[in-house]
Student: 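One structure, as C-alpha cells, below. Some questions next.
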Amino acid sequence: MEQTVHSTRFGELDVPEEALIEFPDGLIGVGGRRFALLTREENSAFQWLQETAREELALPVTDPFPFFPDYEVRISDAEAERIGISDPAEAEVLVIVRAAEKLEDFSVNLLAPLLICRGVGHQVINEAPAQVRVPLLSGLAESAS
C-alpha cells in the first residue's frame with residue numbers, strides 16, 4: 001500500500017510501503033521517526049530520507065562503501081541486541097551526507113551510520129574508528145592511490 005508524502009523539496013509523492021522506514025529512536029539531532037527512502041535518479045550515488053510528517057525535513061544519504069571501501073561498522077553486543085540486528089552485515093548501511101555548494105566540500109558522518117533492516121532503521125554509534133565529518137571524496141582519492 002502506498003503512502004502519500006508531502007515534501008517541500010520534491011512535492012507530493014506516492015511512496016510504496018517497502019520504501020518506508022520506521023526509526024523507533026529517531027535520528028540524532030534531527031528527530032523524526034518515519035521516513036521514506038527516495039531514489040530520485042536511478043544511477044545516483046545519493047538517496048533522500050524524507051520525513052513523512054515534516055515536509056521540510058529531507059536528508060541526503062549514501063551507501064558509504066563505494067566511497068570508503070575499507071569502512072567498517074562495529075556495534076556492541078548490547079547495541080545489537082537492543083536494535084535486533086546481530087550483525088551489521090545483515091542490514092543496509094547508509095550515512096548522512098552534509099551537502100555543500102561544491103561536490104568536493106560534501107562530507108559524511110561515518111561515526112553514526114544508519115542500519116536499516118526489514119523496514120526498521122537505527123542510527124548507531126560506530127565502535128570502529130570513524131569521524132563525524134569526513135570529506136566524501138577523500139575515500140575515493142585514497143582508493144585510487
Side-chain angles (χ1 to χ4, degrees), residues 1-140:
M1 178 173 219
E2 289 186 341
Q3 177 178 339
T4 300
V5 174
H6 300 277
S7 168
T8 55
R9 181 174 296 275
F10 305 114
E12 185 175 297
L13 304 164
D14 291 324
V15 179
E17 188 172 338
E18 61 271 10
L20 297 172
I21 303 166
E22 189 72 34
F23 285 85
D25 301 317
L27 297 177
I28 299 168
V30 176
R33 299 203 183 281
R34 189 167 171 84
F35 289 82
L37 184 60
L38 307 175
T39 302
R40 302 303 296 161
E41 296 177 28
E42 191 174 320
N43 294 320
S44 175
F46 304 101
Q47 294 177 287
W48 290 86
L49 277 179
Q50 172 66 56
E51 217 286 337
T52 60
R54 293 172 49 201
E55 60 186 47
E56 75 284 357
L57 179 56
L59 302 169
V61 295
T62 193
D63 175 349
F65 299 107
F67 295 97
F68 303 94
D70 296 331
Y71 181 60
E72 178 183 12
V73 177
R74 273 190 259 146
I75 56 176
S76 68
D77 291 342
E79 180 73 346
E81 185 175 327
R82 182 186 74 78
I83 66 174
I85 297 174
S86 59
D87 179 2
E90 69 186 45
E92 178 180 9
V93 177
L94 296 173
V95 292
I96 297 174
V97 176
R98 184 174 184 268
E101 283 190 34
K102 295 187 258 177
L103 184 59
E104 58 266 19
D105 295 331
F106 279 38
S107 63
V108 291
N109 181 346
L110 298 179
L111 183 62
L114 310 174
L115 303 183
I116 301 168
C117 189
R118 297 178 294 280
V120 179
H122 297 277
Q123 188 170 26
V124 299
I125 300 302
N126 191 355
E127 294 192 359
Q131 297 176 342
V132 172
R133 207 174 271 178
V134 179
L136 180 63
L137 300 181
S138 69
L140 289 177

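Only heavy atoms go into these numbers, but all of them, side chains included; no hydrogens, no water, no symmetry mates.
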Student: Within a strict 4.5 Å, meaning less than it, do heavy atoms of the Leu110 and Asn126 side chains meet?
Tutor: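 No. Closest side-chain heavy atoms not under 4.5 Å.
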Student: For Glu72, what residues pass the salt bridge (Lys or Arg N to Asp or Glu O under 4.0 Å) criterion, not counting sequence neighbours?
Tutor: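 So Glu72 forms a salt bridge (Lys or Arg N to Asp or Glu O under 4.0 Å) with Arg74.
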Student: Can you run down the side chain to side chain donor-acceptor pair (under 3.5 Å) pairs that involve residues 36-52, sequence neighbours left out, and say none if there aren't any?
Tutor: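 Every pair satisfying side chain to side chain donor-acceptor pair (under 3.5 Å) with a residue in residues 36-52: Ser7-Gln50, Thr39-Gln47.
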Student: Side-chain contact test, heavy atoms from C-beta onward, threshold under 4.5 Å: evaluate it for Gln3 versus Glu17 and give yes or no.
Tutor: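 Of all side-chain heavy-atom pairs linking Glu17 with Gln3, none is under 4.5 Å.
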Student: Could you tell me if the side chain of Gln131 sits less than 4.5 Å from the side chain of Leu111, heavy atoms only?
Tutor: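 SC-SC contact between Leu111 and Gln131 ruled out.
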Student: Which pair of heavy atoms, one from Glu90 and one from Cys117, lies closest together, and at what distance?
Tutor: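 Closest heavy-atom pair between Glu90 and Cys117: O-SG, 3.8 Å.
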Student: In Å, rounded to the nearest 0.5 Å, how long is the span from CD1 of Ile21 to CD1 of Ile116?
Tutor: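 Answer for the CD1-CD1 pair, Ile21 versus Ile116, is 3.5 Å.
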Student: Is there a side-chain contact between Phe35 and Leu37 (heavy atoms, below 4.5 Å)?
Tutor: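 Heavy-atom side-chain distance check fails, nothing below 4.5 Å.
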Student: Between Phe68 and Val108, is the side-chain contact (heavy atoms from CB on, under 4.5 Å) condition met? List the steps.
Tutor: CA-CA 11 Å; Phe68 303 94; Val108 291; 3.7 Å; yes
Student: From His6 NE2 over to Glu12 CD, what is the distance, rounded to the nearest 0.5 angstrom?
Tutor: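 Atom-to-atom, His6:NE2 and Glu12:CD are 4.5 Å apart.
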Student: Output side-chain donor-acceptor pairs under 3.5 Å for residues 55-64, partner residues at least two apart or in another chain, one line each.
Tutor:
from	atom 1	to	atom 2	distance (Å)
Glu56	OE2	Arg54	NE	3.4
Thr62	OG1	Ala45	O	2.5
Asp63	OD1	Phe65	N	2.9

Student: What distance separates Leu49 CG from Phe23 CZ, expressed to the nearest 0.5 Å?
Tutor: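 Answer for the CG-CZ pair, Leu49 versus Phe23, is 5.0 Å.
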Student: Evaluate the side-chain proximity of Val134 to Phe67: yes if any heavy-atom separation is below 4.5 Å, no if none is.
Tutor: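 Side-chain contact under 4.5 Å: no.
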Student: For Glu81, which residues count as a side-chain hydrogen bond (donor to acceptor under 3.5 Å, both in side chains) partner, sequence neighbours excluded?
Tutor: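 Testing Glu81 for side-chain hydrogen bond (donor to acceptor under 3.5 Å, both in side chains), a comparison that skips the adjacent residues, returns none.
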Student: In the structure I gave you, are the side-chain heavy atoms of His122 and Val120 within less than 4.5 Å of one another anywhere?
Tutor: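 The answer is yes, as the side chains (C-beta and beyond) meet within the 4.5 Å cut-off.
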Student: Report the distance from atom CD1 of Ile75 to atom CD1 of Ile125, rounding to the nearest 0.5 Å.
Tutor: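 Between Ile75 CD1 and Ile125 CD1, I get 11.5 Å after rounding to 0.5 Å.
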Student: Looking at side-chain heavy atoms only, is the closest gap between Glu127 and Glu79 below 4.5 Å?
Tutor: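 They are not in side-chain contact.
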Student: Which salt bridge (Lys or Arg N to Asp or Glu O under 4.0 Å) pairs, counting each pair once, include a residue from residues 92-118, with sequence neighbours left out?
Tutor: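 Of all non-adjacent pairs touching residues 92-118, none passes salt bridge (Lys or Arg N to Asp or Glu O under 4.0 Å).
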Student: With sequence neighbours excluded, what pairs up with Asp14 under the side chain to side chain contact (heavy atoms under 4.5 Å, CB included) test?
Tutor: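 Residues passing side chain to side chain contact (heavy atoms under 4.5 Å, CB included) with Asp14: Glu2, Thr4.
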Student: Is any side-chain heavy atom of Ile28 closer than 4.5 Å to one of Asn109?
Tutor: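 They are not in side-chain contact.
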Student: Are the side chain of Gln123 and the backbone N or O of Leu27 linked by a donor-acceptor pair below 3.5 Å?
Tutor: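 No; judged by distance alone, with no hydrogens or angles, the pair does not exist.
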